[in-house]
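To start, the structure under review is shown below, and the notes come after it.
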Amino acid sequence: MKKPVVRFAPSPTGPLHMGGVRTALYNYLFARQQGGTLILRIEDTDQNRFVPGAEEYIIDALNWCGITFDEGVHLGGERGPYRQSERSDIYRKYVELLIEKGEAYYAFDTEEELNAMRERLEKAGSHTRTYNFETRKQMNNSLTLSPEEVKARLDAGDPYVVRIKIPENVEVKFYDEVRKEVVVNSNEVDDKVLLKSDGLPTYHLANIVDDHLMDVTHVIRGEEWLPSAPLHVLLYRAFGWENTMPKWVHLPLLLKPDPGAIMKNKGLRREMTDKLTDEFMQKHSEEVSEDMRSKVHSFVQNVLSNPSGFTQQLKENEKDPGFLKLAKNFLHGAFYGKLSKRDGDRLGFPVFPADWIDPKTGAKSAGYREAGYMPHAFLNALALLGWNPGNDEEIMNMDRLIELFSLDRISHSGARFDQDKMKWFNQSYIRNSSDEALLPLVKAELQKAELATHDDSLLLQVIALLKERVSFLPEFAEMAGMFFGDPQTFDQNMVEKRWKPESKDYLQDLHARWDALPEWKSQPLHDAFEALVAEREINSGQVLAPLRLALTGIPNGPGVFDIAEVIGKEASLRRISTAVAKLG
RNA sequence: GCCCCGUUCGUCUAGCGGUUAGGACUCCAGAUUUUCAUUCUGGCAACAGGGGUUCGAUUCCCCUACGGGGUACCA
């Protein structure tokens, strides 16, 4: 079999989100497994939505993930250029080809005329409201105008678009690797614009021409494209390329998390109430006046505080005043459906692989990288949202994913994102990483927190003690403080509960016993402690808790004897003395 | 409105005509660690509804309901 060629083709309209990363990942896994080629193509045919820095961001983020390409905008290659804005001449040529073949036509309709047409159809109760085999007869295009007039208009430089001429009433059948056979009547497909009046192609045209020219064998993309797949099939047909048409693979969508799971977090709930109220007031500033704000706020608050009846509360009621209808709609949109770029900011979890700073507003959106995720944990979790290996394996590194991935195990329905599960993956990856592998990552975190990082052997010991109790990389820095400096404060609650009048005596005794020890290791330290407890006939907790308090100042962390070993004799004894002096 | 896709525990999913419907996350209980976390053991929890087809349907077909996507000179 021929080696497959696949591509990931984002548009630089902002940062890539998780769904995009997953699409890139599936393309990558497939290409690597099959020994095929993976191309990164940038689909920047919409000048209006271009966002500076987005392309660089996409490349950087994919790079962090470890998703590598064979050809692309950042690598070059034989099939380039890989940026669609640099391929205008190519598209023009192919559009002309279609016009010559009678498969496409010029259209001169203005926006107003198009709107009028849609309104007319809606009023008439028509099922479709599109430019199609029926309506094109009433519009200004090269099918209704005389050849002379068309020529005159073109020569005069009138703005025009080129539309595909969709054939009337044919069954468009195609095979999707995930959905199997899909059939759509061509009457449901409209005469989509292929070439815009700015001379640039639309997605549909550029996509088909590029995929054809770049020898793409499999189009692996999100399900949001499924409805336009018939158009794409018809385009291949119009060009006469149907025999080399790529295979279609439409991936199930990544959906917003279960609202109930988000609402568990009370702090987040309060924050979300404010945010959503603001967003709503802004969005509906025309319909809802500012003095309704408090009503909206309390409605939002009400809905969010009752996650179990969530869906019920958002059902519309005939008697609802206008603002309430809008609010219900708005909240529904905010909590259900496809995961969107805004969700990270309002639902309290990252949707982007890496932090993104909006070039216009300067606002920052959180990314998984900065949140302390290991890239492969992130990808592993993502891989399982819409695909599974068919056995009970869940933790799979990249090699294993490449080995097990298969198109026929992609699931059919959208997958709700679950932050808890994502966290669990990261935790597992940290736990299962060797101390050495973690070293550079932890070092980076410690540097950010301005903690000493020069002593690798110390760091390795610290990592060994902390990695079992950490879910995210930055937590290493948060917890490592005890290894780099004496406690400055003592947890008040623990002092009250566990520090007794006799604690001083016990710790002084322990201080003496430890001081006399020939070897400063966890086990002998523990033995000395046990001897003390036995001789004085007390409970170990009576000494252990004050000891932990003395060494770290906080109620939890790794085993006290391990901590003592790592921080060393001098620091340990000093901390005991200090605590005894301070707490009496 | 119209078109397309989908529907197994709260969530991600296994199942491809006969199963005590399996696993994972979350949650709960217990054990270990006299802290926290880890680990281990156990538990709660699902085939959307109605018709067919069949000796037998979670599994195949149809309808309904529900969910999702699309419906731009955006991708």
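By convention in this document, chain letters (A, B, ...) are assigned in the order of the sequence lines, proteins followed by strands, and residues within each chain are numbered from 1. Keep in mind that this is a model prediction, so the values were computed, not measured.
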* Distance, rounded to the nearest Å, where A:Leu231 contributes CG and B:A75 contributes P -> 12 Å
* Whom does B:U35 pair with, Watson-Crick or G-U wobble, provided both distances fall under 3.5 Å? -> none
* Evaluate the ring planes of A:His232 and A:His204, with Trp represented by its six-membered ring, and classify them as parallel (under 30°), tilted (30 to 60°) or perpendicular (over 60°). => tilted
* Structure fact -> Per atom distances to the A:Val182 side chain, the nearest of B:A75, B:C12, B:C4 is B:C4
* Asked: Mind checking the P distance from B:U8 to B:C27? Whole angstroms is fine.
  -> 23 Å
* Asked: Does OP1 or OP2 of B:C4 have a side-chain N or O of A:Arg179 closer than 4.0 Å?
  -> no
* Taking only N and O in the side chain of A:Arg221, is any of them less than 4.0 Å away from OP1 or OP2 of B:G69? -> no
* Structure fact -> Within residues 105-114 of chain A, the residues having a heavy atom closer than 4.0 Å to RNA chain B are A:Asp109
* Structure fact -> Separation of B:C12 atom P from A:Arg22 atom CZ, nearest Å, is 12 Å
* To do: Decide yes or no, distance alone: a donor-acceptor N/O pair under 3.5 angstrom between the base of B:C12 and the side-chain of A:Arg416.
  => no
* Asked: Is B:A21 paired to anything, Watson-Crick or G-U wobble with both distances less than 3.5 Å, and if yes, which nucleotide?
  -> none
* If you draw the axis of the six-membered ring of A:Tyr105, does the NZ or CZ of A:Arg163 fall within 45° of it and under 6.0 Å from the ring centre? -> no
* Got A:His250 and A:Glu224 here, is their nearest side-chain heavy-atom distance under 4.5 Å? -> no
* Please find out if less than 6.0 Å separates the ring center of A:Phe349 from that of A:Phe417. => yes
* To do: Report yes if a side-chain nitrogen or oxygen of A:Lys196 is closer than 4.0 Å to either non-bridging phosphate oxygen (OP1 or OP2) of B:C74; otherwise report no.
  => yes
* With respect to the side chain of A:Trp424, which nucleotide from B:C4, B:G70, B:C25 is positioned closest? -> B:C25
* Asked: What about A:Arg548, does its side chain sit under 3.5 Å from the base of B:U35 through a donor-acceptor pair?
  -> yes
* To do: Could you measure between the two C1' atoms, the one in B:U32 and the one in B:C25, and give it in whole Å?
  => 23 Å
* Does B:U59 pair with anything, Watson-Crick or G-U wobble, both distances under 3.5 Å, and if so, with which nucleotide? -> none
* Counting heavy atoms from C-beta on, name the nucleotide in B:G68, B:U38, B:C4 closest to the side chain of A:Leu255. => B:G68
* Asked: If you take all heavy atoms of A:Ile567 and A:Ser572, which pair is closest and at what distance?
  -> CG1-OG, 3.3 Å
* **Watson-Crick/G-U partner (both atom distances under 3.5 Å) of B:U71** => B:G1
* Structure fact -> Taking a pair to mean Watson-Crick or G-U wobble geometry with both distances below 3.5 Å, B:C16 pairs with none
* To do: Look at the aromatic rings of A:Trp356 and A:Tyr57 and report parallel, tilted or perpendicular, splitting at 30° and 60°.
  => perpendicular
* **Among B:U39, B:A37, B:G6, the one nearest A:Arg469 by side-chain distance** => B:A37
* Below 4.0 angstrom from OP1 or OP2 of B:U13, is there any side-chain N or O of A:Arg409? -> no
* Taking only N and O in the side chain of A:Thr45, is any of them less than 4.0 Å away from OP1 or OP2 of B:A75? -> yes
* Asked: When the distance from CD of A:Glu475 to P of B:A37 is rounded to whole Å, what number comes out?
  -> 12 Å
* Residue A:Thr202, side-chain atoms from C-beta onward, closest of B:C25, B:G68, B:A75 -> B:A75
* Structure fact -> Mate of B:C27 across any strand shown (Watson-Crick or G-U wobble, both atom pairs under 3.5 Å) is B:G43
* Would you say the ring centroid of A:Phe352 lies under 6.0 angstrom from that of A:His17? -> no
* Hey, what's the ring geometry for A:Phe405 with A:Tyr26, parallel, tilted or perpendicular (30° and 60° as the breaks)? -> tilted
* Structure fact -> Per atom distances to the A:Glu223 side chain, the nearest of B:A75, B:A14, B:C5 is B:C5
* Determine which nucleotide pairs with B:A65, using a 3.5 Å limit on both distances of a Watson-Crick or G-U wobble pair. => B:U7
* What integer distance in Å separates A:Asp408:CG from B:A14:C1'? -> 15 Å
* Asked: Counting side-chain heavy atoms from C-beta on, which of B:A75, B:G15, B:U13 comes nearest to A:Ser411?
  -> B:U13
* To do: Just compare B:G68, B:C25, B:A24 and give me whichever is closest to any side-chain atom of A:Leu253.
  => B:G68
* Distance below 4.0 Å between A:Asn388 side-chain N/O and B:A14 OP1 or OP2 -> yes
* Asked: Between B:A37, B:G6, B:U11, which one does the side chain of A:Asp418 approach most closely?
  -> B:U11
* Counting just side-chain N and O atoms, does A:Lys338 come under 4.0 Å of either OP1 or OP2 of B:G70? -> yes
* Asked: Is the gap between the ring centers of A:Trp424 and A:Tyr429 under 6.0 Å?
  -> no
* Among B:G23, B:G68, B:U13, find the nucleotide with the atom closest to the side chain of A:His332. => B:G68
* No-H, no-angle donor-acceptor pair, A:Lys192 side chain to B:A72 base, under 3.5 Å -> no
